[in-house]
Q: 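Sharing a structure with you now.
Throughout, a chain's letter reflects where its sequence line sits, starting with A, and its residues are numbered from 1. Side-chain atoms are counted along with the backbone in the values below, which use heavy atoms only and exclude waters and symmetry mates.
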Amino acid sequence: MTMSSDAPKESFRLSMLIYDTRYRSLTIQVVALMAFMLAAAWIIDNTLQNLAELGKPIEFGFLSEPAQYDINQALIEYDNQDSHLRASFVGLLNTLLVAVLGCALATVVGVIVGVLRLSKNWLVARIMTVYVEMFRNVPVLLWIVFFMAILIESLPQPRAFRGADPEASMLLGDSVALTNRGFYIPEPLFSNPLGDLSVFGAFNISLELLALVGALAVSLFLSGLVKKRADRIQNETGIRPTTWYLRLGIVVLPLIAILIALGFHLGNPELRGFNFQGGIHMRTSLIALWLALSFYTAAFIAEIVRGGIMAISKGQTEAASALGLRPNRIMSLVILPQALRVIIPPLISQYLNLTKNSSLAIAVGYMDITGTLGGITMNQTGRELECVVMLMLCYLTISLTISLVMNWYNTRVKLVER
Amino acid sequence: MKKSVILGALTVAGLAAGAASAATLDDVKARGQLNCGINTGLVGFAAPDANGEWSGFDVAYCRALAAAVLGDPSAIEFVSLTGKTRFTALASGEIDVLSRNTTWTLTRDVDLKFTFLGVNYYDGQGFMVPKDLGVTSAKELDGATVCIQTGTTTELNLADFFRVNNMSYEPVPIETNAEAQQQFLAGACDVYTTDASGLAATRATFETPGDYAILPEIISKEPLGPLARHGDDEWADIGRWVLNALIAAEEYGVTSANIDEMAAEPTDNPEINRLLGTEGNMGEMLGLSADWAVNAIKAGGNYGELFEKYIGENTPVGLARGLNAQYTDGGLMYSPPVR
Amino acid sequence: MSDLSYVRKEMLAEQSPPATEIGIIGWLRENLFSNWFNGILTVLSLVFIYAVFSAILPWLLHSSWTANSLNECRQQVDAAYGLAAEGGCWAVIRERYLQLIFGFYPSDLYWRPLLAFGVALVALAPVLFTGLPRQMLWFSPFAPFLVPWLLWGGAVWLPLMVIVGFVLAYVVTRVLSAVMPGLLAVPVAALAAVLWWLYAVAPINDGLTVLIANQRIDAVATDMREQADRLPGEIAALDSRIADLRDQVATSEAEKDALFAELEEDHGSEAARQAVLQAIADLRGPRDALAALEKERLGLNEDLSHARSLLAGIEELPALRERRDALLAEQRMARGEEAEEIANQLATLDTQIAGVVDELGRVGLVPVESRKFGGFMLSITIGLVAITVSLPIGVMLALGRQSNLFILRAICVGFIEFIRGVPLITLLFVASVLLNYFLPPGTSFDIILRVIIMVTLFASAYMAEVVRGGLAALPKGQYEAADALGLDYWKAQRLIIMPQALKISIPGIVSTFIGIFKDTTLVSIIGLLDPLGLSNAIRANTAWNGIVWELYGFIALMFFVFCFSMSRYSMWLERKLQTGHR
């Protein structure tokens with residue numbers, strides 16, 4: 001008589017930690033964790049010991065001391081008696097500004113160049129290839145310096161606008177001045193201002209801007225309702241009512257009404273004293289950095305866009321032309337929407353790269369967060385550890401936020417496709 | 001133990017180069033080489049030639065120090081540093097002495113924990129403008145665009161000056177002198193402000209120097225000098241007295257041309273004799289050889305000779321002695337007695 | 001019957017296509033003016049090209065190549081092309097191109113970096129180009145040891161002993177895996193190798209060095225004494241020749257300046273222009289001679305100071321050793337602070353003795369400190385080392401990120417995302433100001449090593465993502481097949497997965513390398529003298545103060561040549577891999 005019996009129940013032995021696959025993974029993980037913690041503890045211990053030896057314990061009190069230096073481009077009020085923390089925040093806003101501007105321009109240029117590289121026009125395709133190769137194969141730091149030098153050397157200085165017979169003159173009916181200190185463009189002014197809204201007492205937001213944004217949001221929502229109704233009618237009757245004038249009116253009229261009510265007008269820059277006064281001043285450093293980062297990144301985006309378009313099979317194009325669509329409609333209605341799925345993931349990492357590359361702003365003296373917190377503040381206070389750690393945290397937060405937002409968008413695009 | 005770099009990278013312990021140990025002098029002697037921190041490039045003060053040899057006014061001090069300590073003015077490793085990296089390099093023991101036109105301030109002395117070894121150039125912050133701007137005083141600069149170099153005391157001085165005089169300005173921060181020069185020449189800023197020596201040096205290399213004027217106002221005191229770490233007084237003494245020896249040598253008329261003669265046998269002047277080691281045991285007290293000062297002076301010349309050679313009126317930099325003349329000529333250069 | 005045929009019997013002769021469809025016109029119509037939009041684009045492009053070239057060409061054509069300062073460049077351009085002409089001053093490149101390429105590396109040792117990069121290329125070639133004989137692969141593993149040795153120098157047995165460590169690790173693994181599981185054998189083997197490097201290499205090296213040093217000491221001392229006696233005379237002779245030549249050059253320069261002043265006064269008469277050009281051309285010979293003499297003098301000076309210091313060291317050596325013995329005896333008795341003091345003194349003494357002995361007993365290459373690295377050599381070194389070292393780290397991180405061990409994965413993901421989330425410049429700040437804080441007090445790395453470490457970490461994170469892409473691209477069947485064969489995890493990785501995954505990843509690795517290579521320009525921000533940093537230092541020279549475009553242009557061109565050829569290679573490979581998969 002045979003009896004099937006279970007394998008003898010072994011009691012736990014120490015060697016099973018290594019030989020038994022059930023425990024082995026646990027062993028490895030515990031060892032890895034311990035090694036990691038030990039390494040971290042070692043580094044922290046060393047750091048504390050070294051800092052104690054130098055008499056520089058870690059503390060962040062220096063952030064509330066007056067910064068004592070000026071920042072030329074401050075999006076919020078700032079003067080040299082404000083704290084280092086505020087100076088850092090001004091720098092952070094400058095970083096975000098150039099990153100947002102850069103991503104926008106890089107996308108536009110990149111898409112245009114990517115499409116033009118596939119153009120049937122021999123000359124244009126060649127020029128675009130040269131552009132892409134030139135920008136991709138030369139360090140971005142060099143491009144930033146190049147753009148700065150070109151702007152400084154080729155544009156007139158403000159003095160050239162002076163006198164009875166000036167060497168340079170303003171453009172667009174004396175409203176725009178392009179100088180080598182930056183571009184001066186008209187600023188929006190309101191004769192019946194609403195005042196400012198103070199946020200936590202830290203900085204002010206203009207109420208006019210809030211009113212406009214609010215109105216725009218409401219009218220866009222209403223316009224969306226109109227579109228939905230049109231869709232419904234189309235689905236039911238097959239005839240789409242013409243709604244574009246209605247939707248345009250819903251969006252534009254309230255804005256115009258608010259602008260008139262506020263007494264909107266443009267303030268032109270004027271040459272007074274050493275410089276142009278009034279208007280919005282976009283400094284050369286901002287423009288050089290913005291253009292250099294955009295054109296550099298655009299070269300990569302162009303390749304991504306080209307790759308995305310080429311990934312769409314030729315049958316799609318042929319099917320679209322068989323339907324009688326014109327070439328630019330084929331591009332915008334058939335090819336691009338499909339190509340976007342291929343394009344967006346690498347595009348996200350290009351946006352991240354652009355944001356990180358904006359830290360090279362110090363090469364042209366644009367006061368971003370690397371220039372304020374990681375530059376002058378670190379240099380004046382001698383708090384390297386604190387400054388670098390804060391700097392890294394700022395960039396990490398920005399990067400992770402961009403990743404999250406774009407990933408969310410990416411999944412949405414994918415869902416819509418299916 | 002000295003080990004090769006490859007091995008050193010493997011054996012982290014081997015890389016403990018005994019940095020920042022108590023006795024810098026012993027380290028330098030054992031190493032046979034002085035690690036000297038200098039500018040990454042500043043006209044007249046530090047620049048490499050086509051053979052990679054550094055020269056300049058700040059570099060000359062390093063050479064004199066190496067000659068005094070090791071008897072060989074070429075036994076130096078130059079470490080080029082930016083305004084940002086210079087203090088950490090010194091604090092971490094990467095360099096033995098920093099000779100990079102650094103302003104002596106209370107915070108740097110006390111808070112950053114460095115010892116200044118003296119002043120090798122008395123400077124002050126000035127302004128340079130194009131002549132056709134029609135500005136004759138810094139008080140007329142309200143609303144001007146000003147180019148400044150970041151990472152220095154100049155930006156703080158500038159902020160103070162404009163705040164005190166109730167004027168506004170637009171700062172254009174710039175990393176290096178070369179870029180500042182380019183922006184200023186192109187008119188991207190109305191005014192360039194930095195140490196007056198730097199202004200003169202920069203102006204000297206313009207195509208038309210006559211078109212630019214340096215304004216009379218000097219808005220700050222910038223005593224520039226070499227510095228060492230806190231906590232090694234013997235080493236600081238050596239650094240200080242090498243500088244003093246160079247200054248004293250000029251005062252007593254000891255030059256690189258006549259030094260061999262003077263050091264050969266005692267002269268009539270006991271001060272010179274003590275300096276050159278033909279009398280007394282000054283070298284021994286410093287922990288150096290008796291001919292330390294002779295070597296230091298022979299390395300490039302006395303203070304006056306160095307000044308004339310690198311930044312004086314016959315060089316492209318073209319600086320007058322001014323405050324940096326000997327006290328006997330109405331300047332501030334004054335070496336304590338060697339006694 | 002009449003022939004009523006409605007069909008044409010003879011063929012019509014082939015007509016040539018209309019003139020607008022063939023030849024140049026046809027090509028133009030098809031490629032440039034196919035419709036009104038393309039026509040506009042073409043015209044705009046032509047205008048753009050014209051604008052660019054009309055701005056750059058005159059400046060390029062009116063260049064000066066032989067002057068020795070920016071001012072002289074201006075004079076030469078004015079004299080050659082008229083007073084209003086503006087031209088490039090490429091003379092600065094002619095004078096400094098070696099410096100821009102090699103930095104401060106000793107000029108008589110330029111063959112070493114060249115050979116090192118040659119070796120690296122030969123080692124990479126069989127990996128990059130599959131057409132080459134497979135036997136070349138046998139050479140590749142030695143390159144990582146050979147290249148650093150060539151670059152940094154040192155005793156000839158050092159790379160050998162480092163290799164021995166790896167061999168040791170391999171042997172221990174083989175022996176131990178017979179008696180215990182691989183999980184234990186591998187760490188033990190690694191430990192054995194580390195112990196060998198830490199505790200065996202240095203004594204063996206020192207022992208060999210001392211052995212050879214003792215044999216050589218007398219011969220070297222005589223030689224050095226002879227040099228120390230001979231060189232001062234030679235230097236003095238050279239000095240007087242240099243002084244004469246310098247006077248001569250100075251006089252000629254003054255004459256040239258006077259001639260140029262005349263030229264400016266008479267607004268550029270042909271004769272005056274020719275005179276100035278001739279004067280500048282005449283200056284070239286004496287100047288080159290002067291430069292050669294000065295270089296020779298520099299070399300002699302170095303030899304002399306080397307001979308003197310070595311001689312002094314040799315003479316001091318017995319006394320130093322005696323003192324060391326005395327201190328050692330004292331140390332046995334001492335306690336507490338006193339002992340520490342003695343230990344300090346001993347360490348200093350040891351360094352001093354080792355300095356002399358190393359010099360005497362060196363069989364190999366003269367060591368070159370990494371501080372001497374600069375220019376493109378620095379960029380290439382950082383790039384090459386970072387990529388080579390980051391490859392294994394990247395593979396490990398990628399495997400860790402894919403593994404199902406939660407903690408391991410979390411650590412790997414955290415590391416990768418952290419590094420990829422911050423800009424390289426902040427990591428370089430860490431290298432320049434913080435890394436020394438992280439190490440035990442008193443430890444100090446060379447700044448270039450610190451930068452290489454941080455750039456390697458940076459590259460590892462990106463490499464990990466590239467390798468992960470390669471792993472993800474492998475069909476799942478490959479993993480399952482490996483499992484079916486009964487291979488364990490490491491064997492499966494080593495024999496099946498990695499060879500394929502890495503092959504797919506090569507284009508990605510090359511583009512990571514291009515990126516890292518370009519990013520090395522950032523080290524100029526923390527004061528290292530890479531090409532950009534050097535351009536700044538060169539401009540600090542009074543002769544070249546104010547030069548902008550020529551230096552940047554040269555640097556940009558060099559980067560372009562390097563990166564463009566690499567990206568072409570990567571594209572070629574991508575095409576090849578694509579066909580391979582179909």
Q: Compare every heavy atom of A:Tyr78 with every heavy atom of A:Asp82, then report the nearest pair and how far apart it is.
A: OD2-CA, 3.4 Å
Q: So, B:Asp123 and B:Ser197: side-chain donor and acceptor under 3.5 Å apart, yes or no?
A: yes
Q: Could you tell me which portion of A:Glu384 (side chain, backbone, both or neither) has an atom closer than 4.5 angstrom to a non-hydrogen atom of chain B?
A: side chain
Q: Which heavy atom of A:Thr95 sits nearest a heavy atom of A:Ser358, and at what distance?
A: CG2-OG, 3.8 Å
Q: Side chain from CB out, backbone as N, CA, C, O: work out which of these in A:Gln73 comes under 4.5 Å of a heavy atom of chain B, or both, or neither.
A: neither
Q: Which answer fits B:Leu112, side chain, backbone, both or neither, if we ask what part of it has an atom under 4.5 Å from a heavy atom of chain A?
A: side chain
Q: Less than 3.5 Å apart, any donor N or O on the side chain of B:Thr115 or B:Asp109 sitting next to an acceptor on the other?
A: no
Q: For A:Arg272, is it the side chain, the backbone, both, or neither that has a heavy atom closer than 4.5 Å to a heavy atom of chain B?
A: neither
Q: Can you tell which of B:Thr153, B:Thr103, B:Thr193 makes a side-chain hydrogen bond (donor to acceptor under 3.5 Å, both in side chains) with B:Gln125?
A: B:Thr193
Q: Give the minimum heavy-atom separation between A:Ala87 and A:Tyr69, together with the two atoms involved.
A: CB-OH, 3.5 Å
Q: Taking every non-hydrogen pair under 4.5 Å, which of A:Gln68, A:Gln157, A:Glu53 racks up the most with chain B?
A: A:Gln157
Q: Give the ring-plane orientation class for A:Phe135 versus A:Trp143, where under 30° counts as parallel, over 60° as perpendicular and anything between as tilted.
A: parallel
Q: So which residue, B:Lys113, B:His230, B:Arg163, ends up with the most heavy-atom pairs under 4.5 Å with chain A?
A: B:Arg163
Q: Top residue by heavy-atom pair count (under 4.5 Å) with chain B, among A:Ala149, A:Gly382, A:Ala67?
A: A:Ala149
Q: Does any heavy atom of chain B fall under 4.5 Å from the side chain of A:Ala363, the backbone, both, or neither of them?
A: backbone
Q: Just grab all the ring-ring contact (aromatic ring centres under 6.0 Å, His included) pairs involving residues 79-101 of chain B, residues at least two apart or on different chains.
A: B:Phe87-B:Phe114
Q: Which region of B:Glu179, side chain (C-beta onward) or backbone (N, CA, C, O), has a non-hydrogen atom less than 4.5 Å from a non-hydrogen atom of chain A, or is it both or neither?
A: side chain
Q: Please collect all ring-ring contact (aromatic ring centres under 6.0 Å, His included) contacts where either partner lies in residues 155-191 of chain B, sequence neighbours excluded, each pair once.
A: B:Phe127-B:Phe161, B:Phe162-B:Tyr169, B:Phe184-B:Tyr212
Q: What residue, out of A:Arg159, A:Met367, A:Gln277, has the most heavy-atom pairs lying under 4.5 Å from chain B?
A: A:Arg159
Q: Kindly give the heavy-atom pair with the smallest separation between B:Gly187 and A:Pro158, and that separation in Å.
A: O-CD, 4.3 Å
Q: Which atom names give the shortest non-hydrogen contact between B:Val191 and B:Ala144, and what distance separates them?
A: CG2-CB, 4.1 Å
Q: Side chain, backbone, both or neither: which part of A:Val364 has a non-hydrogen atom closer than 4.5 Å to chain B?
A: backbone
Q: Listed by chain and number, what are the side-chain contact (heavy atoms from CB on, under 4.5 Å) partners of B:Ser80, not counting sequence neighbours?
A: B:Thr40, B:Trp54, C:Leu529
Q: Among residues 176-188 of chain A, which ones touch chain B with a heavy-atom distance under 4.5 Å?
A: A:Asn180, A:Arg181
Q: Look at B:Thr107, B:Leu141, B:Thr85, B:Leu158 and state which one has the largest set of heavy-atom pairs under 4.5 Å with chain A.
A: B:Leu141
